[in-house]
Amino acid sequence: MRIVLIHGQNHKGSSYHIGKMIADTISGKKEVSEFFLPRDLNHFCLGCYQCIENDENCPFYSEKAVIMKAVEAADLLIFTTPTYCLRASAPMKSFMDLTFTYWMSHRPRKSMFSKKAVVVSTAAGSGAKSATKDVATALFYWGVPYIKSYGIAVQAMNWDMVSAKNKEKIQKDVARLAKKLSNGKKPYVGIKTRFIFKMMGLMQSAGFGSSPIEKEYWEKNGWLGRKRPWNE
């Protein structure tokens with residue numbers, strides 16, 4: 001299994017450790033890659049729309065492409081982010097902004113519809129579930145059909161300060177989660193994804209997309225007809 005971890009922080013805090021724990025607990029042969037934000041992509045989207053015509057036009061394409069090449073090749077994606085002000089970290093939000101052309105409303109990638117993903121966030125107090133939702137929403141619109149979220153209040157400023165009781169609970173939760181992720185079953189693309197994809201196809205057919213380039217992309221893939229990325 002090819003696993004990619006994307007961390008919404010440079011430091012190795014509680015969210016990082018849980019993400020690593022999930023990857024380590026997955027059974028079977030693994031190939032693991034890790035990226036840290038902002039270290040590996042330290043930019044905010046400029047709103048220049050150059051990527052609408054061609055992803056390579058993005059001024060930060062060379063750095064982004066390294067991460068997204070690994071993402072597209074992965075079987076499992078693990079996103080970790082600390083909870084900052086009840087939401088995902090700014091570097092994680094920036095990453096999602098910089099990958100918006102992957103959304104079903106633009107140029108979705110066929111590979112996304114066969115992946116599994118986990119989103120992890122920890123907080124000293126409340127907000128972890130809201131933080132995971134930020135990332136999970138973006139992953140849904142990428143087309144990822146199987147997304148699990150794990151948010152927990154660790155009541156600590158770093159991993160070393162997390163109580164033994166909380167660590168024991170986390171280990172049990174991770175074991176259950178890893179077992180589900182290790183079952184080898186191809187994820188099922190649900191009704192909501194199928195519906196959104198259909199609506200986006202109708203939008204592109206009607207010429208209501210962001211660019212004629214997007215319509216050409218959908219036509220080339222055969223998605224304006226009966227062809228679907230999850231059946232290929």
Side-chain angles (χ1 to χ4, degrees), residues 1-10 12 16 19-20 22-24 26 28-46 48-81 88-120 134-148 181 186-187 189 193 197 210-211 213-214 216-218 220-223 228-230 232:
M1 178 182 283
R2 286 167 293 189
I3 302 172
V4 168
L5 292 99
I6 298 180
H7 305 291
Q9 70 286 312
N10 288 339
K12 297 180 178 180
Y16 163 86
K20 284 286 288 181
I22 293 171
D24 292 343
I26 297 289
K29 187 178 179 181
K30 293 169 287 191
E31 179 184 322
V32 181
S33 301
E34 285 186 272
F35 299 95
F36 291 83
L37 307 172
R39 186 191 72 187
D40 295 315
L41 188 61
N42 191 18
H43 303 286
F44 290 100
C45 177
L46 302 177
C48 65
Y49 282 94
Q50 295 301 307
C51 60
I52 290 294
E53 300 300 320
N54 188 330
D55 282 300
E56 294 185 17
N57 291 343
C58 173
F60 317 122
Y61 175 76
S62 59
E63 294 160 86
K64 183 169 64 175
V66 173
I67 300 175
M68 296 314 292
K69 182 179 179 181
V71 165
E72 291 189 42
D75 302 299
L76 173 64
L77 306 174
I78 302 175
F79 288 79
T80 75
T81 177
S89 69
M92 182 61 78
K93 175 61 168 64
S94 179
F95 172 74
M96 292 301 171
D97 292 343
L98 286 166
T99 57
F100 81 98
T101 58
Y102 278 70
W103 283 42
M104 286 186 275
S105 52
H106 296 287
R107 292 193 299 276
R109 273 52 168 189
K110 179 172 62 177
S111 62
M112 295 299 171
F113 294 87
S114 61
K115 299 189 187 306
K116 296 180 181 180
V118 183
V119 186
V120 175
D134 286 345
V135 183
T137 297
L139 293 177
F140 170 80
Y141 283 101
W142 277 9
V144 178
Y146 186 97
I147 306 166
K148 293 291 184 182
L181 296 168
K186 182 180 178 180
V189 176
T193 299
F197 191 89
S210 297
S211 166
I213 297 294
E214 291 186 348
E216 290 175 16
Y217 176 85
W218 280 70
K220 183 179 178 181
N221 282 284
W223 297 338
R228 293 294 180 263
W230 51 86
E232 297 176 42

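For this chain, numbers begin at 1 and follow the sequence in order. A quick note: this is a predicted structure, and the numbers were derived from the prediction, not measured.
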Would you mind reporting whether [Y] and [X] have side-chain heavy atoms less than 4.5 Å apart?
X: Glu34; Y: Tyr16; value: yes
X: Met96; Y: Tyr141; value: no
X: Ile52; Y: Phe100; value: yes
X: Leu41; Y: Phe35; value: no
X: Val71; Y: Ile6; value: yes
X: Phe44; Y: Asp97; value: no
X: Trp103; Y: Met112; value: no

Search all heavy atoms of [X] against all heavy atoms of [Y] and return the closest pair with its distance.
X: Cys51; Y: Thr101; answer: SG-CG2, 3.5 Å
X: Val135; Y: Ala88; answer: CG2-CB, 4.3 Å
X: Leu181; Y: Met1; answer: O-CE, 3.4 Å
X: Arg107; Y: Asp55; answer: NH2-OD2, 3.2 Å
X: Pro145; Y: Ser114; answer: CD-N, 4.2 Å
X: Ile213; Y: Glu53; answer: CG1-OE1, 3.0 Å

Just checking Lys64: does its NZ atom have more than 12 heavy atoms from other residues, nucleotides or ligands closer to it than 6.0 angstrom?
yes

Within a 6.0 Å radius of atom CD on Glu72, are there more than 12 heavy atoms belonging to other residues, nucleotides or ligands?
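Counting neighbours around CD of Glu72, more than 12 heavy atoms of other residues, nucleotides or ligands fall under 6.0 Å, so yes.
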
Could you grab the distance from atom [atom1] of [X] to atom [atom2] of [Y], nearest 0.5 Å is fine?
X: Ser94; Y: Asn42; atom1: OG; atom2: CG; result: 8.0 Å
X: Arg2; Y: Leu77; atom1: CZ; atom2: CG; result: 11.5 Å
X: Ile67; Y: Leu98; atom1: CD1; atom2: CG; result: 9.0 Å
X: Trp142; Y: Ser111; atom1: CH2; atom2: OG; result: 9.5 Å
X: Arg109; Y: Asn221; atom1: CZ; atom2: CG; result: 10.0 Å

Heavy-atom donor-acceptor pair, [X] side chain to [Y] backbone, under 3.5 Å:
X: Thr81; Y: Ser89; answer: yes
X: Lys30; Y: Ile3; answer: no
X: Lys110; Y: Glu232; answer: no
X: Tyr217; Y: Pro108; answer: yes

From Val118, Leu139, Val120, Leu37, residue fulfilling side chain to side chain contact (heavy atoms under 4.5 Å, CB included) relative to Phe79
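Answer after filtering Val118, Leu139, Val120, Leu37: Leu139.
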
Those residues that, when tested against Trp218, pass side chain to side chain donor-acceptor pair (under 3.5 Å) (two or more places apart):
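Side chain to side chain donor-acceptor pair (under 3.5 Å) list for Trp218, sorted by chain: empty.
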
Does a donor on one side chain and an acceptor on the other come within less than 3.5 Å for Gln50 and Tyr61?
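No, no side-chain donor-acceptor contact under 3.5 Å.
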
Answer with yes or no after comparing the ring centroid distance for Phe197 and Phe113 against a 6.0 Å cut-off, counting only values under it.
yes

Audit row: Gln9, Thr80, side-chain contact (heavy atoms from CB on, under 4.5 Å) steps and yes/no:
CA-CA 8 Å; Gln9 70 286 312; Thr80 75; 3.5 Å; yes

